[in-house]
Amino acid sequence: EFRDLRDWKQFHNPKDLATAISIESAELLENFLWKNASEIDAVVADSVQMEKIRDELADILIFCLSLAETTGVDLSTAIQRKLEKNAAKYPVDKARGSAKKYTEFK
């Protein structure tokens, strides 16, 4: 409704929505750039900084939902399928407590 009231659907093609997701993701990352663990803890504890992070997360999700709607992707199904794929790639007995990529498992 927000988009439609402003007649913005005309600009929301898959390429531009994917580009917007990438840009908003970079803006989210900017909140953490060059910060060590204790500095990140301070960012998370700061209400002003967290408002910026919430805004960027919301922007990312809005564009993700818009892209799904535009392309006809059922996100519930897509998420379930991806979790099933990840479960096969990252079996509990090999992945538990590990940050390794599945290609590194023996």
Side-chain angles (χ1 to χ4, degrees):
E1 182 180 346
F2 179 90
R3 175 197 63 194
D4 294 344
L5 288 171
R6 289 153 181 82
D7 193 26
W8 289 349
K9 189 172 184 175
Q10 62 183 314
F11 308 115
H12 287 187
N13 60 72
K15 181 216 34 113
D16 288 331
L17 289 168
T19 301
I21 292 166
S22 179
I23 291 167
E24 295 299 337
S25 296
E27 290 177 6
L28 174 63
L29 284 170
E30 191 173 27
N31 291 284
F32 303 103
L33 182 64
W34 311 121
K35 292 178 174 61
N36 62 37
S38 63
E39 291 169 322
I40 290 171
D41 289 343
V43 167
V44 172
D46 182 272
S47 62
V48 173
Q49 293 296 317
M50 281 307 298
E51 183 67 17
K52 293 177 185 177
I53 291 168
R54 280 190 292 275
D55 286 349
E56 297 307 336
L57 285 168
D59 286 341
I60 293 164
L61 188 53
I62 289 166
F63 284 128
C64 286
L65 293 170
S66 295
L67 180 57
E69 188 265 334
T70 298
T71 58
V73 171
D74 177 334
L75 283 175
S76 294
T77 301
I79 290 168
Q80 186 59 44
R81 286 180 181 164
K82 183 60 177 171
L83 287 172
E84 290 168 3
K85 289 177 185 179
N86 286 348
K89 290 194 289 191
Y90 295 94
V92 173
D93 63 319
K94 293 182 181 178
R96 185 172 179 83
S98 173
K100 291 181 180 178
K101 186 173 179 174
Y102 68 94
T103 55
E104 298 178 66
F105 295 144
K106 294 182 179 184

Query raised in the report: Are any of the side-chain heavy atoms of I79 and L83 separated by less than 4.5 Å?
Result: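 I79 vs L83: side chains touch.
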Straight-line distance of [X] [atom1] to [Y] [atom2], nearest 0.5 Å:
X: S66; Y: N13; atom1: OG; atom2: CG; answer: 11.5 Å
X: D16; Y: I23; atom1: CG; atom2: CD1; answer: 9.0 Å
X: E69; Y: C64; atom1: CD; atom2: SG; answer: 13.5 Å
X: F63; Y: S25; atom1: CZ; atom2: OG; answer: 10.5 Å

Using a 4.5 Å cut-off between side-chain heavy atoms of Ile, Leu, Val, Met, Phe, Trp and Tyr, which other residues end up in the same hydrophobic cluster as Y102?
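In the cluster with Y102 are Y90, F105.
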Tracing side-chain contacts under 4.5 Å among Ile, Leu, Val, Met, Phe, Trp and Tyr outward from F11 reaches F2, W8
Sorted by chain and residue number, the side chain to side chain donor-acceptor pair (under 3.5 Å) partners of S76 (sequence neighbours excluded) come out as none
| Applying the 4.5 Å side-chain criterion to the ILVMFWY set and letting contacts propagate, would L17 and L65 be lumped into a single cluster? |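 Not linked; separate clusters.
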*Kindly work out whether a path of hydrophobic side-chain contacts (I/L/V/M/F/W/Y, heavy atoms less than 4.5 Å apart) joins L75 to I60.*
no
Set of side-chain contact (heavy atoms from CB on, under 4.5 Å) partners for [X], sequence neighbours left out:
X: D41; value: none
X: D7; value: Q10
X: T71; value: P14, L67, V73

Using residues 26-37 as the side-chain source, report each donor-acceptor pair under 3.5 Å to any protein atom, sequence neighbours left out, with the distance given to one decimal.
{"from": "N31", "atom 1": "ND2", "to": "E27", "atom 2": "O", "distance (Å)": "3.2"}
{"from": "N31", "atom 1": "ND2", "to": "L28", "atom 2": "O", "distance (Å)": "3.2"}
{"from": "N36", "atom 1": "OD1", "to": "S38", "atom 2": "N", "distance (Å)": "3.1"}
{"from": "N36", "atom 1": "OD1", "to": "S38", "atom 2": "OG", "distance (Å)": "2.9"}
{"from": "N36", "atom 1": "OD1", "to": "E39", "atom 2": "N", "distance (Å)": "2.9"}

Any pair counted as salt bridge (Lys or Arg N to Asp or Glu O under 4.0 Å), so long as it reaches residues 75-101, sequence neighbours left out: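 The answer is none; no pair qualifies.
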So salt bridge (Lys or Arg N to Asp or Glu O under 4.0 Å) across residues 54-67, not counting sequence neighbours, yields E51-R54
So, are R6 and E1 salt-bridged, with charged N and O less than 4.0 Å apart?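 Result for this pair is no, no salt bridge flagged.
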